[in-house]
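Each remark here refers to the structure printed beneath this line.
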Amino acid sequence: MYKGNDIRELVQEHHVRFLRLQFTDIFGRFKNIAVPVTELERVLANQVSVEGSVFTGQTENQETVYLHPDGNTFILFPWRPRDGAVARMICNGYRKSGERFDGCTRGVLEEKTSNSDSRESCLSVGAAIDFFLFHVDERGKPLLKPQDCAGLCDLSPLDLGENARRDMVNTLDEMGIEVAFSHHGGAPGQNRIYLKSDNAAAMADKIVTFKFVIGAVAQRHGLYASFIPKPFKEYPGSGMSLYLALMEDRRNVFSGDGDALGLSNTAYGFVAGLLEHAGALTAVCCPSVMSYKRLSSDARRPVLAGLSMETHATMLNTAPSGDEPILECWIPDATCNPYLAISTILDTGMQGISGTAERPAFAGNNLGTGETLPLHLGAALEALKADACVREAMGEYTFKLYLQRKEKEWNDFLEEIHPWEIERYLP
């Protein structure tokens, strides 16, 4: 990990003029402040601060929160000039007393994974992230107009996002984010990029950085990158599949012998934990009203709280990683806060391994409870309110703020008059 002197040397070596101190609010939005390099010593001494409202979204929260940069996240922005370069560091929020600010969700996940001897620190996470590339108007405002009309894995000339996607992958690589592969998505203007697995905390950092990079590169191509989950009724939505494996001494302990799915008892315990808390997990992993339109796009086949092979009829799938199985949790979308999503998945899975969650029985070809995931945000929030394990995983402060904001969002949606209602009922 980079220390203070390392950062000083890197700043001097690369002629850095500005530092971006980046952090994530409770709702997963990436934030930052720009600091001239002349303030480097204040940055390294954790003396740069922001209002707590930037983390919480509550304007009345004027508590001072100090930004503690993580030197290991020091990266140069490849698209900025080398003479007068710009670098970034991701920060945690702390109070003046030295205690972690409760609204810092990165700190929540770090605390769970900081002990290298604990099983939690060995959770390996990969990600496949979808996004749309839209055209923009003369003011740069996004239009609901996809960049192309291509479909799944199409090539140019149908795939007009090929050049932008290549620049995105190259930029991610320059920033130390390894890409396994990429291709056009199943909907017009949709793209998918797979990130290689890393430990839980590092992957959450990579996901928030990924979204920032994709947006910046899209803008350079005169486009707008959107991670909204379901902009078009007739086309597939955008998700963020997480690929999970529990590693001990570099060994995937989800792998088992003689089982039809190739899974160990440890894996089944982890699955049982996720299934027991499926409703509350959905509230964290699918945070918007639109998220549920992606999940329930086929109302005749609602998503089950279960595990199956190579199907999205259940929230969990088995996926091969070389000769070993891993678990794919496909319900999240990229509008979620990855620190909270991974924290809650980790805690509920580990609770299942500890034996407090009952291993479900097979039903047909699926392992599951037979229950469906919440069909809308309101139902997911009700499940979240009743789930003590997920509440503890989020932290009491974050849980209350998150629930309060999302309940308001759901109520605002219910009070809105939608064009479909007018068209349907006006005659």
Side-chain angles (χ1 to χ4, degrees), residues 20-35 43 45-70 72-73 88-114 120 200-209 211-212 227 280-281 283-288 332 334-348 377 380-381 384-385 387-410 412:
R20 295 277 194 96
L21 303 183
Q22 298 182 323
F23 52 96
T24 305
D25 73 6
I26 284 176
F27 307 100
R29 294 172 298 208
F30 215 22
K31 306 277 189 176
N32 86 176
I33 60 173
V35 181
V43 170
N46 306 324
Q47 294 176 352
V48 177
S49 62
V50 295
E51 283 190 2
S53 61
V54 184
F55 279 90
T56 65
Q58 289 187 315
T59 54
E60 63 271 22
N61 185 342
Q62 297 183 1
E63 178 179 4
T64 299
V65 178
Y66 292 85
L67 300 179
H68 289 210
D70 181 345
N72 212 37
T73 64
R88 79 89 191 264
M89 287 187 283
I90 297 179
C91 303
N92 286 346
Y94 283 81
R95 293 188 167 91
K96 189 173 183 179
S97 63
E99 297 177 343
R100 179 179 62 81
F101 177 57
D102 293 335
C104 176
T105 54
R106 184 176 190 265
V108 169
L109 181 57
E110 266 197 351
E111 287 181 1
K112 299 179 189 301
T113 59
S114 59
E120 290 90 338
M203 180 51 63
D205 281 345
K206 288 181 178 182
I207 290 170
V208 293
T209 302
K211 293 175 61 178
F212 167 67
F227 295 90
L281 287 175
V284 177
C285 294
C286 304
S288 71
T335 62
C336 75
N337 180 330
Y339 299 104
L340 287 182
I342 294 174
S343 289
T344 52
I345 287 172
L346 190 155
D347 269 21
T348 55
L377 180 61
L381 294 175
L384 179 60
K385 283 194 285 189
D387 197 306
C389 178
V390 174
R391 181 174 188 153
E392 184 178 352
M394 296 176 72
E396 188 68 16
Y397 183 89
T398 296
F399 170 83
K400 287 182 177 179
L401 281 178
Y402 184 89
L403 187 61
Q404 180 184 42
R405 175 67 67 85
K406 290 301 170 181
E407 286 187 323
K408 182 180 185 305
E409 184 176 327
W410 175 242
D412 287 347

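This structure is a prediction, so every number in the text was calculated from the model and none was measured.
Scanning both residues, Thr398 and Asp102, for their nearest heavy atoms gives OG1-O, 3.2 Å. Residues Val108 and Ser343 share a closest heavy-atom pair of CG1-OG, 4.0 Å. Taking each heavy atom of Cys286 and Leu377 in turn, the nearest pair found is O-CD1, 4.1 Å. Annotation for Tyr339 and Val208: closest pair OH-CG2, 3.6 Å, computed over non-hydrogen atoms. Ala204 and Pro338 make their closest contact through O-CG, 3.9 Å (heavy atoms, listed as atom of the first residue, atom of the second, distance). The minimum heavy-atom distance between Ala200 and Leu109, with the atom names listed, is O-CD2, 3.8 Å.
Taking the side-chain hydrogen bond (donor to acceptor under 3.5 Å, both in side chains) definition, one finds that Gln47 meets it with nothing, sequence neighbours left out. Every residue meeting the side-chain hydrogen bond (donor to acceptor under 3.5 Å, both in side chains) condition with Lys385, not counting sequence neighbours, appears here in chain and number order: Glu382, Glu407. In this structure, the side-chain hydrogen bond (donor to acceptor under 3.5 Å, both in side chains) partners of Arg100, at least two apart in sequence or on a different chain, are Glu111.
Here the straight-line distance linking atom CZ of Arg29 with atom OG1 of Thr24 works out to 11.0 Å at 0.5 Å rounding. How far SG of Cys285 is from CG of Leu340: 9.5 Å, rounded to the nearest 0.5 Å. Rounding to the nearest 0.5 Å gives a distance of 11.0 Å between CD of Gln22 and CG of Leu67. Cys104 SG to Glu110 CD: the interatomic distance, rounded to the nearest 0.5 Å, is 7.5 Å. With values rounded to the nearest 0.5 angstrom, Arg20 atom CZ is found 13.0 Å from Ile90 atom CD1. Distance check, rounded to the nearest 0.5 Å: CD of Gln58 to CG of Leu401 gives 4.5 Å.
Looking at Lys406, its side chain does come within 3.5 Å of a backbone N or O of Pro287 through a donor-acceptor pair. Side-chain atoms of Thr73 do not come within 3.5 Å of backbone N or O of Pro69 as any donor-acceptor pair. At least one donor-acceptor pair closer than 3.5 Å links the side chain of Lys211 to the backbone N or O of Ala334.
Geometrically, Lys96 does not engage Tyr66 in a cation-pi contact, judged by NZ or CZ lying under 6.0 Å from the ring centre and within 45° of the ring axis.
Under a cut-off of 6.0 angstrom, the local environment of CD in Glu51 is crowded, with over 12 non-hydrogen atoms contributed by other residues, nucleotides or ligands. With a 6.0 Å radius and a threshold of 12 heavy atoms from other residues, nucleotides or ligands, Lys31 has its NZ atom above the threshold.
In this structure, Val390 and Val284 have side chains that are in contact, with non-hydrogen atoms separated by less than 4.5 Å. At least one side-chain heavy atom of Arg391 sits under 4.5 Å from a side-chain heavy atom of Glu396. Between Asn32 and Phe30 there is no side-chain heavy-atom pair separated by less than 4.5 Å. Between Leu346 and Thr113 the shortest side-chain heavy-atom distance falls below 4.5 Å.
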Can you check side chain to side chain contact (heavy atoms under 4.5 Å, CB included) on Leu403 and Leu381, steps first, answer last? CA-CA 7 Å; Leu403 187 61; Leu381 294 175; 4.1 Å; yes
Assess whether side chain to side chain contact (heavy atoms under 4.5 Å, CB included) is satisfied between Phe399 and Leu384, documenting all intermediate values. CA-CA 9 Å; Phe399 170 83; Leu384 179 60; 3.7 Å; yes
Could you go step by step and tell me if Val43 and Leu21 meet the side chain to side chain contact (heavy atoms under 4.5 Å, CB included) rule? CA-CA 9 Å; Val43 170; Leu21 303 183; 3.8 Å; yes
Show, in sequence, the C-alpha distance, side-chain angles and deciding distance for Asp412 and Lys408, and conclude whether the salt bridge (Lys or Arg N to Asp or Glu O under 4.0 Å) test is met. CA-CA 6 Å; Asp412 287 347; Lys408 182 180 185 305; 2.9 Å; yes
Given the rule in the side chain to side chain contact (heavy atoms under 4.5 Å, CB included) test, do Asp205 and Arg106 qualify, once you have shown the distances and angles that lead to the verdict? CA-CA 8 Å; Asp205 281 345; Arg106 184 176 190 265; 2.7 Å; yes
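Under a 4.0 Å N-O distance rule, the pair Glu409/Arg405 does not qualify as a salt bridge.
Defined by atom type and a distance below 3.5 Å, a donor-acceptor pair is missing between the side-chain atoms of Tyr402 and Asn337. Inspection of the Thr209 and Arg88 side chains reveals an N or O donor paired with an N or O acceptor under 3.5 Å.
Taking the six-membered ring where tryptophan is involved, the planes of Tyr397 and Phe101 are perpendicular, since the angle between them exceeds 60° and thus also 30°.
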